[in-house]
Amino acid sequence: MSLLHKPTYTFEYNEEDDKQGLNFVLWSQFMCKCGKCKVSSGKDYMERLPVLILDDIAREERMRFDVLLAYVCEKSAYKDHFLPTKDSHRVGLAVTIRVLNVQKRLRLIRGLILRGVTRIGVGRDEIYFDCDDLKSMSLFLL
């Protein structure tokens, strides 16, 4: 879990729901970040595979993640991020993580490769990966 992530819980969605099936990350880290939609958790919109991969890496490497972009709602996709309908973020298969430390970035990439992730983007301070089977394998610079 990121030090920057501070989830707010309601009667319908509590801390137990946010941790369901996960050990180190929270479902609320993967929600839409626009603040205009009613998406309060990534639990209903994210596919489980990328979330479970990050949870496993967090356990193994003892890391916390600052998720910049995961699921993106329809309005935010078009207005803020210019994402098409079939983009991996729109269907809950992609995650962009802010990683400033070089060693942490390398450990994350190594963990992704060991878990079979074949589409990874590496930037100066972020890592992108997706588990979209419809796209070909690639390693690219952001």
Side-chain angles (χ1 to χ4, degrees), residues 1-10 13-142:
M1 177 173 55
S2 169
L3 294 172
L4 304 174
H5 181 71
K6 303 286 187 227
T8 55
Y9 299 117
T10 62
Y13 189 76
N14 58 24
E15 188 174 0
E16 185 178 316
D17 294 331
D18 207 13
K19 292 181 178 181
Q20 185 179 15
L22 302 173
N23 296 316
F24 291 90
V25 296
L26 300 173
W27 285 110
S28 58
Q29 288 180 270
F30 300 93
M31 69 182 186
C32 182
K33 310 271 193 246
C34 74
K36 301 170 191 167
C37 62
K38 302 265 186 220
V39 178
S40 61
S41 169
K43 187 176 181 181
D44 298 328
Y45 298 99
M46 281 295 292
E47 292 292 327
R48 299 203 181 283
L49 183 60
V51 177
L52 293 176
I53 286 172
L54 276 182
D55 192 50
D56 197 34
I57 293 171
R59 178 192 52 81
E60 185 177 288
E61 298 290 341
R62 298 183 193 138
M63 294 170 57
R64 294 182 179 182
F65 297 114
D66 185 15
V67 177
L68 294 176
L69 196 62
Y71 173 76
V72 180
C73 70
E74 185 178 356
K75 291 178 184 178
S76 179
Y78 296 125
K79 291 183 180 180
D80 300 335
H81 302 289
F82 307 108
L83 300 175
T85 305
K86 294 183 180 180
D87 187 87
S88 299
H89 283 290
R90 287 284 299 124
V91 294
L93 286 168
V95 180
T96 303
I97 304 159
R98 181 174 173 239
V99 185
L100 300 176
N101 187 311
V102 178
Q103 287 83 18
K104 185 176 178 181
R105 195 175 314 138
L106 181 61
R107 291 181 3 219
L108 175 58
I109 293 169
R110 181 184 64 195
L112 291 171
I113 292 171
L114 288 174
R115 284 158 184 84
V117 176
T118 57
R119 288 185 45 84
I120 302 172
V122 182
R124 183 172 176 87
D125 56 354
E126 64 187 16
I127 300 286
Y128 164 89
F129 79 94
D130 68 50
C131 300
D132 198 345
D133 293 336
L134 300 176
K135 297 182 179 177
S136 61
M137 293 190 286
S138 63
L139 176 66
F140 50 93
L141 299 174
L142 300 174

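For reference, positions follow the sequence shown, starting with 1.
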Work out which heavy atom in Asp125 is nearest to a heavy atom in Arg105; give both atom names and the distance.
CA-NH2, 4.3 Å
Heavy-atom check, side chain of Ile57 versus side chain of Ile53, under 4.5 Å
yes
side-chain contact (heavy atoms from CB on, under 4.5 Å) evaluation trace for Phe140 with Tyr128
CA-CA 9 Å; Phe140 50 93; Tyr128 164 89; 3.6 Å; yes
Which heavy atom in Cys73 sits nearest to a heavy atom in Cys32, and how many Å separate them?
N-SG, 3.4 Å
Atom pair CH2/CG of Trp27 and Leu22 - distance to nearest 0.5 Å
5.0 Å
For a 4.5 angstrom cut-off between non-hydrogen side-chain atoms, does Ile127 reach Val122?
yes
Inter-residue atom distance Leu139.CG - Ile113.CD1, 0.5 Å rounding
7.0 Å
Between CG on residue Leu112 and CD1 on residue Ile97, distance to nearest 0.5 Å
6.5 Å
Considering non-hydrogen atoms only, spot the tightest contact between Glu47 and Val91 and give its length.
CG-O, 3.9 Å
My understanding is that only residues two or more places apart in sequence, or in another chain, count here; which of them pass side-chain contact (heavy atoms from CB on, under 4.5 Å) with Leu106?
none
Measuring from Glu60:CD to Leu114:CG, what's the distance to the nearest 0.5 Å?
7.0 Å
Hey, mind stepping through Leu26 and Lys19 against side-chain contact (heavy atoms from CB on, under 4.5 Å) and telling me if it holds?
CA-CA 5 Å; Leu26 300 173; Lys19 292 181 178 181; 3.4 Å; yes
Heavy-atom pair with the smallest gap, counting every atom of Arg119 and Asp130:
NE-OD2, 3.0 Å
All salt bridge (Lys or Arg N to Asp or Glu O under 4.0 Å) counterparts of Glu61, not counting sequence neighbours:
Arg107, Arg110
What are the two closest heavy atoms between Arg115 and Asp56, and how far apart are they?
NE-OD2, 2.9 Å
Using 0.5 Å steps for rounding, measure from the CG atom of Leu54 to the CG atom of Leu49.
10.0 Å
For Phe129, which residues count as a ring pair (Phe, Tyr, Trp, His ring centres under 6.0 Å) partner, sequence neighbours excluded?
none
Take the angle between the ring planes of Tyr71 and Tyr45 and call it parallel below 30°, perpendicular above 60°, tilted in between.
parallel
Measure across Val99 and Leu108 and return the closest heavy-atom pair with its distance rounded to 0.1 Å.
CG2-CD2, 3.9 Å
Can any side-chain N or O of Gln29 pair as donor or acceptor with the backbone N or O of Phe65 at less than 3.5 Å?
yes
At what distance, to the nearest 0.5 angstrom, does CD of Glu15 lie from OG of Ser28?
9.5 Å
Other residues, nucleotides, ligands: >12 heavy atoms within 6.0 Å of Asp133 CG
no
